[in-house]
2 protein chains.
Amino acid sequence: MNIGTIAQKSGVPAKTIRYYESIGLIPSASRRPNGYRDFDQDDLQTLRFIQHARGLGFAVKDVADLLALWREKKRASADVKALAMRHLESIDRKIAELGTMRRAVEHLVHRCHGDHRPECPILEDLAGDINHA
Amino acid sequence: MNIGTIAQKSGVPAKTIRYYESIGLIPSASRRPNGYRDFDQDDLQTLRFIQHARGLGFAVKDVADLLALWREKKRASADVKALAMRHLESIDRKIAELGTMRRAVEHLVHRCHGDHRPECPILEDLAGDINHA
DNA sequence: ATGTGGCTTCCAGTCATGGGAAGGTCAAGG
DNA sequence: CCTTGACCTTCCCATGACTGGAAGCCACAT
């Protein structure tokens, strides 16, 4: 299977597959006599796994760990769960951070007339008057 | 005022101030005979403005636009508001995306025993069985 | 023979910094 | 006067996770 084919089937762009190979996330694909990479069903499985994990927001480093656990038949599910829970916490931190920003920005937007006049509480607040919630 | 002093007063690291200068976000600071940058109160105001805007998650490019509007006395507040609203929408998109991830990851975490045994729905789902919500 | 599309490698850019090297400067203390 | 330590300067490299593009080979159809 050529890289274009597996890219299509896995949803991972060819460019990204080469990148994953270069950083060692996936093993180096075997080569045909003409130099083209040749992928098999196993590679497809792996790339789909990666695609799903990335889709859930796991960092590439974490995906590498998940892949290792996936291949390790004697893993303890507690290890997988711990990794996933750390990820969940990091998602929660990001959501909280964005929520704080969101409230602040929304507050500013609310107070700005948004017309042709130059007076604008958004700019005033950014300039330093952060005392009138 | 040396760069270290203004860094302290503005909360923007010296390194970052030099970077802002290099990309033209702030004007080039004047120099003392010894080559040191010399900042004044205006620079401090500007850096504080930038720091606030960055703290609200505005991209550096957007901060540049906000700075330009701030300095333009004949601006229309509608322009500022529009920029802020676009930012608000982008925050909302990110929150929604993280929320979707969060629910999926939490669902997986819930279903995993997390003990010494190798069976793990997290890995199974990532491997492709995405049909049992 | 020519066109097209896919494959290869390698280099550079993205975004917003942070780290660290190599070297000049300044104020204080011995 | 000299040294120490804390500043400052520029420069290049690294991050994360790709993406774009150039230059060149390969495969197949017309």
Side-chain angles (χ1 to χ4, degrees), chain A residues 1-26 28-40 43 46-47 49-67 86-87 90-91 93-94 97-98 101, chain B residues 1-26 28-40 43 46-47 49-67 86-87 90-91 93-94 97-98 101:
Chain A
M1 189 164 29
N2 276 353
I3 197 168
T5 309
I6 201 176
Q8 188 111 47
K9 293 195 181 189
S10 66
V12 181
K15 200 103 195 187
T16 305
I17 295 173
R18 291 192 199 98
Y19 167 70
Y20 285 164
E21 189 186 90
S22 81
I23 61 170
L25 180 62
I26 57 177
S28 294
S30 55
R31 301 293 182 124
R32 293 175 184 278
N34 63 11
Y36 285 19
R37 285 175 182 78
D38 190 13
F39 299 89
D40 59 21
D43 297 321
T46 301
L47 281 172
F49 183 102
I50 291 170
Q51 184 72 348
H52 289 148
R54 292 288 299 127
L56 293 181
F58 285 98
V60 167
K61 173 72 183 64
D62 285 348
V63 176
D65 292 345
L66 286 169
L67 271 176
R86 279 198 300 278
H87 179 46
S90 110
I91 290 175
R93 276 192 299 276
K94 281 180 196 145
E97 196 180 345
L98 284 169
M101 281 181 188
Chain B
M1 189 165 25
N2 277 352
I3 197 169
T5 309
I6 200 176
Q8 188 110 47
K9 292 195 182 189
S10 66
V12 181
K15 201 103 196 191
T16 304
I17 296 174
R18 293 194 195 97
Y19 167 71
Y20 286 163
E21 190 187 88
S22 81
I23 62 169
L25 180 62
I26 56 176
S28 294
S30 55
R31 301 291 182 129
R32 295 173 184 277
N34 63 11
Y36 286 17
R37 285 175 183 79
D38 191 13
F39 299 89
D40 60 21
D43 297 321
T46 302
L47 281 172
F49 182 101
I50 292 170
Q51 183 73 348
H52 289 149
R54 293 286 298 125
L56 292 181
F58 285 97
V60 167
K61 171 73 183 63
D62 285 348
V63 176
D65 293 345
L66 287 169
L67 271 176
R86 278 198 300 279
H87 179 47
S90 111
I91 289 175
R93 276 193 300 277
K94 280 180 198 146
E97 195 179 345
L98 285 170
M101 280 180 189

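The chains referred to below are lettered A, B, ... by the order of the sequence lines, with proteins before strands, and numbering in each begins at 1. Heavy-atom basis, side chains included; hydrogens, waters and symmetry copies ignored.
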Completion exercise
Rounded to whole Å, CZ of A:R37 lies from P of D:dC26 at a distance of 15 Å
Practice task
Look at all strands and tell whether B:A59 reaches a base, only sugar-phosphate, or nothing, counting heavy atoms closer than 4.0 Å.
Solution key: sugar-phosphate
Exercise for the section: Name the closest nucleotide to the A:K15 side chain, picking from D:dA17, D:dG20, C:dG20. Expected result: D:dG20
Completion exercise
In whole angstroms, the gap separating C1' of C:dT8 from CZ of A:F39 amounts to 12 Å
Completion exercise
In whole angstroms, the gap separating P of C:dA16 from CD of B:Q51 amounts to 14 Å
Handout entry: Test item: B:D43 and B:I26 side chains (from C-beta on) under 4.5 Å apart, heavy atoms
Key = no
Problem - Within-4.5 Å side-chain heavy-atom neighbours: B:D40 and B:M1 - result: no
Exercise for the section: Give one of base, sugar-phosphate or nothing for B:R18, where a contact means two heavy atoms less than 4.0 Å apart. Expected result: base
Problem - A:N34 side-chain N/O to C:dT8 phosphate OP1/OP2 under 4.0 Å - result: no
Fill in the blank from the handout: Separation of C:dC7 atom C1' from A:I6 atom CD1, nearest Å, is 15 Å
Exercise for the section: Could you tell me whether the phosphate oxygens of C:dG18, OP1 or OP2, come under 4.0 Å of any side-chain nitrogen or oxygen in B:T16? Expected result: yes
Practice task
Just call it for A:R32: base, sugar-phosphate, or nothing, with non-hydrogen atoms closer than 4.0 Å on any strand.
Solution key: nothing
Problem - Separation of D:dC18 P from A:I17 CD1 (nearest whole Å) - result: 12 Å
Handout entry: Whole-Å gap separating P (C:dT25) and CG (B:D38)
Key = 17 Å
Handout entry: Integer-rounded Å distance: C:dT8 P and A:N2 CG
Key = 7 Å
Handout entry: Distance-only donor-acceptor test (3.5 Å): side chain A:K61, base D:dG16
Key = no
Practice task
Just compare C:dG18, D:dG21, C:dT17 and give me whichever is closest to any side-chain atom of B:Y20.
Solution key: C:dT17
Fill in the blank from the handout: Rounded to whole Å, CZ of A:F58 lies from C1' of D:dG16 at a distance of 17 Å
Problem - Test item: A:N34 side-chain N/O and A:Y36 main-chain N/O as donor-acceptor pair under 3.5 Å - result: yes
Handout entry: Under 3.5 Å donor-acceptor, A:H87 side chain and A:L56 backbone
Key = yes
Exercise for the section: Mind listing the closest non-hydrogen atom pair of A:I91 and B:L98 along with its distance? Expected result: CG2-O, 3.8 Å
Problem - Check: B:Y36 side chain, C:dG24 base, donor-acceptor under 3.5 Å - result: yes
Practice task
Give one of base, sugar-phosphate or nothing for A:I3, where a contact means two heavy atoms less than 4.0 Å apart.
Solution key: sugar-phosphate
